[in-house]
Every structure is written in C-alpha cells, then in structure tokens.
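These notes are about the structure you will find just below.
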Amino acid sequence: MSLKELDPELAGVLQKELERQRNTVELIASENFVPEEILLVMGSVPTNKYAEGYPGRRYYGGNQYIDEIERLAIERAKQLFGAEHANVQPLSGCPANLAAYAAFLEPGDKILGMSLASGGHLSHGYKMSITGKYYRGIAYDVDPETETLDYDAILEQARREKPRMIVCGASAYPRIIDFKAFKEIADDVGAYLMADIAHIAGLVAAGLHPSPVPYCDVVTTTTHKTLKGPRSGLIMCKQEHAKKIDRAVFPMLQGGPHEHTIAAKALCFKLAMRPEFKEYQAQVVKNAKAMAEVFLDHGYRLVTGGTDNHLLLVDVAQKGIGGKQAQDALEEVGITVNKNMIPFDKRKPVDPSGIRIGTPAITTRGMKEDAAARIAELVVKVLENVDDASVKERVAGEVRELLEEYPLYPGLSYA
Ligand SMILES: *Cc1c(COP(=O)(O)O)cnc(C)c1O
C-alpha cells in the first residue's frame with residue numbers, strides 16, 4: 001500500500017513541505033539539502049535494530065552487519081577529519097556537546113564559550129540550556145570595534161575566570177576561527193579545549209577552513225549543515241580521551257544508537273571526500289562573498305564588514321527595520337532567512353538587529369555567484385520596501401522564476 005493510501009493526511013503534509021522547499025530560496029545558514037541517496041539510507045532497515053554498545057561490544061545479538069555499518073562511519077569520519085577517534089552515535093549537535101561536557105567535566109565546572117550575541121550557541125553554557133544549568137557558563141564577546149575574535153582579550157578573561165573548559169566555534173560568526181590561538185589560551189590556563197564546528201564542518205572537511213582537530217581535546221559537530229548529511233551529530237577526540245567520550249555518549253546519555261542515521265553518516269563522509277565536495281564548498285564561499293558585495297554596494301553594514309565562510313550577518317536595524325520584520329517580509333516573497341542578534345545587540349533576541357544569511361542550500365541547488373548576487377538584490381529590494389505589497393509581489397514572481405532553473409528532488413513525490 002502506498003503512503004498516500006495508508007495515510008493521505010500525512011502524505012499530503014509531506015508533499016506540501018516538499019513543495020515549500022522547492023519553491024523557496026533557502027538562506028538559513030544552518031540548512032542544506034541532502035542528496036536523495038542520503039534520504040534513502042535514512043529510511044533504511046537498521047532503524048529496526050537495537051545496538052546499545054559499540055562495534056564488537058553490543059548488549060544485543062544480531063549486530064554483525066550493524067557493526068560493519070558503524071565501523072564504516074567511524075573509519076570514514078576519522079579519515080575525513082584526520083581524527084584519532086570518532087563517536088558517530090550522538091543524535092544531534094546539542095546531544096554531542098552535552099556528551100563532550102559530561103566526558104570531561106563535573107557538574108558546576110566552568111565553561112568559557114562565545115556569547116550568543118557574538119555568534120555562540122545556546123549549548124555552550126548558556127543559562128537557558130541544560131549546559132548552563134549543570135555547568136557554569138561564562139561568555140566571551142568579540143571585539144566591539146572589529147566584531148572579530150580578540151584572542152588577547154579571551155586570554156585575559158580565561159586567566160581571570162580559570163574555566164575548566166574553553167569552547168570555540170559558533171553559529172553566527174562570518175570569519176575564520178584561529179583554533180591554534182585558542183589552544184594556546186587553553187594551555188596557558190590549563191583548560192580543556194573543545195571546538196564545536198557544527199556550522200563549518202563542510203568547510204573544514206574540504207580544507208577551506210583550518211581544522212581544529214590537531215589542537216582540541218574534543219571536536220563536536222552536526223552532520224546536517226555545511227556537511228550536507230543526515231540530521232545528526234559526531235564527536236571526535238584524541239585517543240587518550242576515547243573511552244571517556246564513548247562512555248559519556250552511551251550509557252551516560254543515550255540508549256540505542258540510530259544506526260540508519262549512522263549509515264547515512266557513513267555515506268555523507270564518503271561523499272565529503274570526493275573532489276566534487278571540495279568544489280561545492282568553494283562555491284558556497286564564493287556565493288557568500290558575492291552576496292556580501294551586493295549588500296555593501298547598497299550601503300548595508302555587515303557584521304565584521306564581510307565574510308570568509310558560508311554566512312553573513314546583515315545589520316538591518318541600521319536601516320531602520322527590525323530583524324523580525326525583515327524575516328517576515330522575506331518569507332512573504334519566498335526567501336527564508338532567520339533573524340539574528342548582532343554583537344552587543346541593543347534589541348531583544350525576539351526581534352534583534354540582524355538577519356543571518358547562508359549559502360549552503362542555494363549552492364546545493366546549483367546556484368553560482370550570478371544567482372547568489374541576484375538573490376541578494378531581491379533581498380535588498382524587499383528590505384527597502386517592507387510595507388509595499390506590489391513590490392513584494394513582483395519579487396515573489398522573480399523568486400519563483402529563478403527557482404525554476406534549479407529543480408529540487410525532481411523525481412520525488414509523497415502524494
Ligand atoms: C546547530 C548548532 C548546534 C546544535 O545542533 P542541533 O543539531 O540543532 O542540536 C550546536 N552548536 C552549534 C555551534 C550549532 O551551530
């Protein structure tokens with residue numbers, strides 16, 4: 001029986017979501033479109049299997065092929081990132097981070113991570129997150145002038161605060177992160193160093209952003225952002241920490257691993273070793289730079305003045321609009337972005353001063369600099385006419401026209 005016959009209601013909603021993805025310009029920096037083969041593997045039979053434990057050491061029988069799947073994923077992750085040890089079981093980015101903390105820290109220990117407004121993530125010890133309840137989160141900011149990381153200031157703060165762990169990595173930082181500088185800071189104060197490369201993992205894998213792996217005690221990531229794999233997580237560490245990390249993931253935090261997703265991660269890591277993946281990541285960066293130029297040409301202020309990676313932060317408040325208003329107006333024309341805080345933001349997180357724009361998803365659809373620049377022009381047009389229905393209607397038409405040239409999952413249908 002087809003899904004459509006079995007559950008027309010659900011099939012209909014899945015179809016609507018597929019159409020939404022096809023008919024919008026996706027500029028959310030943390031999103032991407034996985035290859036159809038990844039979709040296929042995510043829906044494969046390992047979902048039926050309990051495999052608590054690790055390859056060769058399972059609590060249930062019948063895991064000979066599951067072990068092969070997980071070993072493939074582990075070996076490929078190690079090869080891709082040059083890591084000594086990989087744990088492929090974390091369910092997503094936040095669970096990976098929590099496991100990394102649980103491996104190294106005791107409740108109450110201090111974590112020094114990047115502030116939310118500077119581009120950090122909730123899971124880096126922020127008070128609304130469990131990571132800020134079990135651990136004491138302290139935040140470093142970027143430099144108020146340059147809006148880039150100030151390693152001397154972070155060193156000073158680390159010496160003052162004496163954190164047990166320093167976390168580097170961000171969700172909204174458009175520049176290169178100097179992991180070696182973080183390592184020197186961590187060594188100076190005797191702290192563990194963790195890098196969370198959730199956003200930039202694809203760039204790191206492609207060699208377009210320096211790798212934290214040589215410098216960090218532990219590196220966590222999601223696999224579904226620039227890495228273009230299934231929605232999931234990954235932890236890598238030095239061999240000396242392998243047991244601690246594995247015990248933290250299971251049995252401390254998780255039960256049965258999602259082996260169908262681990263299988264999809266194995267495929268994701270293989271694809272990320274291909275030359276085409278490098279070319280893709282290089283295009284992601286080129287597209288971000290092309291968009292940045294358009295905004296600058298129109299007099300917009302970009303946080304840090306530009307971008308070195310897959311994202312940019314546009315200060316829309318400087319043009320007299322709120323981040324939420326900008327996000328909503330763009331959604332009306334079929335362009336999805338997210339409102340985002342900017343460093344030292346004076347507005348509230350629910351309606352901050354910026355929008356974050358990323359190029360991984362449009363690049364997966366095949367767009368090059370010309371299309372990226374055209375989209376940036378459309379964004380500007382909407383931002384300058386947030387209340388003008390006729391302008392928005394015209395832009396919506398142009399968005400639909402543009403997208404027709406870049407089909408998404410052409411053979412796929414749920415209803
Ligand atoms: C996206 C992100 C996460 C969280 O990942 P989830 O899969 O949403 O749990 C963690 N850290 C950083 C830096 C991120 O950007």
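None of these values were measured; they are calculated from a predicted model. Ligands are counted one by one from 1 in listed order, and the atoms in each one are counted from 1 as well.
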* Asked: Do the numbers put Lys319 on top of the ring of Tyr300, so that NZ or CZ is under 6.0 Å from the six-membered ring centre and no more than 45° off the axis?
  ->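 Yes, Lys319 sits over the ring of Tyr300.
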
* Asked: ring-ring contact (aromatic ring centres under 6.0 Å, His included) with Tyr192: which residues, sequence neighbours excluded?
  ->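 Only Phe104 meet the ring-ring contact (aromatic ring centres under 6.0 Å, His included) criterion with Tyr192.
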
Measure and list all N/O to N/O distances between ligand 1 and the protein that fall under 3.5 angstrom.
from: ligand 1; atom 1: 7 (O); to: Ser92; atom 2: OG; distance (Å): 2.4
from: ligand 1; atom 1: 7 (O); to: Gly93; atom 2: N; distance (Å): 3.0
from: ligand 1; atom 1: 9 (O); to: Gly93; atom 2: N; distance (Å): 3.4
from: ligand 1; atom 1: 9 (O); to: Cys94; atom 2: N; distance (Å): 2.8
from: ligand 1; atom 1: 11 (N); to: Asp196; atom 2: OD2; distance (Å): 2.5
from: ligand 1; atom 1: 15 (O); to: Ser171; atom 2: OG; distance (Å): 2.8
from: ligand 1; atom 1: 15 (O); to: Lys225; atom 2: NZ; distance (Å): 2.8

* **Derivation of the side chain to side chain donor-acceptor pair (under 3.5 Å) call for Asn287 and Thr359** => CA-CA 6 Å; Asn287 286 352; Thr359 52; 5.6 Å; no

* What's the spacing between Leu234 CG and Leu227 CG if we round to 0.5 Å? ->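 Rounded to the nearest 0.5 Å, the CG-CG separation comes out at 8.0 Å.
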
* Asked: With under 30° as parallel and over 60° as perpendicular, where do the rings of Phe33 and Tyr409 fit, or are they tilted in between?
  ->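 The arrangement is perpendicular - the two ring planes meet at more than 60°.
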
* Parallel under 30°, tilted from 30 to 60°, perpendicular over 60°: which one fits the rings of Phe182 and Tyr140? ->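 Tilted, since the angle between the ring planes falls between 30° and 60°.
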
